[in-house]
Amino acid sequence: MAKCLVVPYSCSSTGTRSRTRSSGSASTSKPPGLQVQLQHHHLKYSLIQQKSLSVSAQCYYKTHTLLRRRILCALDSDVPHPLHHQVQSNKSFEQWDSWTAKFSGASNIPFLLLQMPQIILNAQNLLAGNKAALLAVPWLGMFTGLLGNLSLLSYFAKKREKEAIVVQTLGVISLYAVFAQLSMAEAMPLPYFVITSVVVATGLVLNFLNYFGLLNAGIWRFWEDFITVGGLSVLPQIMWSTFVPYIPNSILPGVFAFLVALVAVIMARLGKLSAKGIKFVGAISGWTATLLFMWMPISQMWTNFLNPDNIKGLSAFSMLLAMIGNGLMIPRALFIRDFMWFTGSTWASLFYGYGNIVCLYW
C-alpha cells in the first residue's frame, strides 16, 4: 500500500504529466477504489497546474500590456505624469532616464544665455540712440514664442518635467526683457506691452501655484481653457499678419479661430463631445504652443528676407545657443516618447538656430 501511494510524475511528449509506478509494484494491481481516488487526485492536480499556468500567463500579458500602454501614453499631451515616474525596474532604463534628464538640465545653460547677447545688443543700440536697429527684432514673432513658452510651461508643469519647466520659465523671463526694450524703443506699441505684462505675470504665478499643489482645480481649468482659446486664436492671426502687406491686413483669421476654439472648449466642459473629442480639445493647447514656437523662426527669416540691411540687429551667438539648447532636449523627448516635445525641439534647433545662422552668413 505504501508503494502505491508514492506517485511520481514525468513530462510526456505532449506536455502533460504521466504517472509511473515503482518497479517493485509493476505486476501489482491496485484496488478499484484506490485507483479511482488516485485518478481523482491526478485530475485535480492537473487542473490546479493548468489554472496556475493560465494565471501566470495572464499576469505576464497584463504586465507587458501595461508597460506598453505606459510607453505609448507619453505620446498623449494630456498625460499628467511622464513615463519615467511609472517604470523604474530596469537598470538600463534608469540609466537612460538619468542621462537624458542630465542633457535636458544642461540645456538650461544655453537657454539662460540665449537672450543675453540680444539684450546686450539692444541696450547698446538704445544707449547709442539707434532705435531703428531694434526694428530688426519682430515683436510679433517673439510674441508667438512667448505664448508658446507660457503654454509649454503649463504642459510640462502638468507632466512634472522639472528641467523643461526651468527652460520655459527662463524663456518667458528673457523674452519679456526683450519686450521691455522694444517698448522703450517704440518698436512695440505700449498697449500690447501692458497686455503682455499682465499675461506673463498671471501665467507664471498660476503655473507655479499649480506645480506645488496650491491652486484650485477650477482656476487651473480656467487657465487651461484660456491658453487653449488664446493660443488657437493668436496662431492663425500671427501667421496671417507675418505676410502683410503682401496679403490684405485682416483680423478675420483670428476672429474665426477664436469662435471655433471658444465653442470647442464650452462643448467639452458641458460634456457635449465624445471622449475622443474631449481628449482632442485637451491636447490643443500643447500643440498650439508648439506651433507658435515653431512659427517664430519662420517669422524671423521672413523679416530677414524683407529687410536684409537690418539683419545686423540680430545676434548670431543667440541663434547658436538656441540650436544647442534645443538639441540637448531632443534625447529627453525621445526617451519619454513625447512626439510634441520632439517636434518642437527639433524644429527650433534646425530652423531657429541653424536656419537663422545660414541667413546671417548668406
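Each residue takes its place number in the sequence, starting with 1.
- Within a 6.0 Å sphere centred on CG of Leu360, heavy atoms belonging to other residues, nucleotides or ligands number more than 12.
- Side chain of Ser107 to main chain of Ser104: a donor-acceptor pair is present (N/O by atom type, distance under 3.5 Å, no hydrogens or angles).
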Report task. Please test Glu161 against Trp341 for side-chain contact (heavy atoms from CB on, under 4.5 Å), starting from the C-alpha separation and ending with a verdict. Result -> CA-CA 11 Å; Glu161 282 287 336; Trp341 189 5; 4.2 Å; yes
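- Side chain of Asn125 to main chain of Asn122: no donor-acceptor pair is present (N/O by atom type, distance under 3.5 Å, no hydrogens or angles).
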Requested in this report: Carefully, step by step, assess Asp97 and Arg332 under the rule salt bridge (charged side-chain N to carboxylate O under 4.0 Å, His left out).
Outcome: CA-CA 8 Å; Asp97 179 23; Arg332 186 63 177 176; 2.8 Å; yes
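- The two residues Tyr246 and Leu306 have their closest heavy-atom pair at OH-CD2, 3.4 Å.
- Remark: aromatic rings of Phe342 and Phe335 are distant, center separation not under 6.0 Å.
- Aromatic rings of Phe226 and Trp223 (six-membered ring for Trp) have centroids within the 6.0 Å cut-off, being under it.
- Counting heavy atoms of neighbouring residues, nucleotides and ligands inside a 6.0 Å radius, atom CZ of Phe193 exceeds 12 of them.
- Atom CZ of Phe243 sits in a crowded spot, with more than 12 heavy atoms from other residues, nucleotides or ligands closer than 6.0 Å.
- Within a 6.0 Å radius of CD1 in Ile109, no more than 12 heavy atoms belonging to other residues, nucleotides or ligands are found.
- Summarising the local packing, CH2 of Trp220 is surrounded by more than 12 heavy atoms from other residues, nucleotides or ligands at distances under 6.0 Å.
- Between Ser197 and Tyr176, the side chains place a donor N or O and an acceptor N or O closer than 3.5 Å (distance only, hydrogens not considered).
- Counting only heavy atoms from C-beta outward, the side chains of Met188 and Val178 never approach each other to under 4.5 Å.
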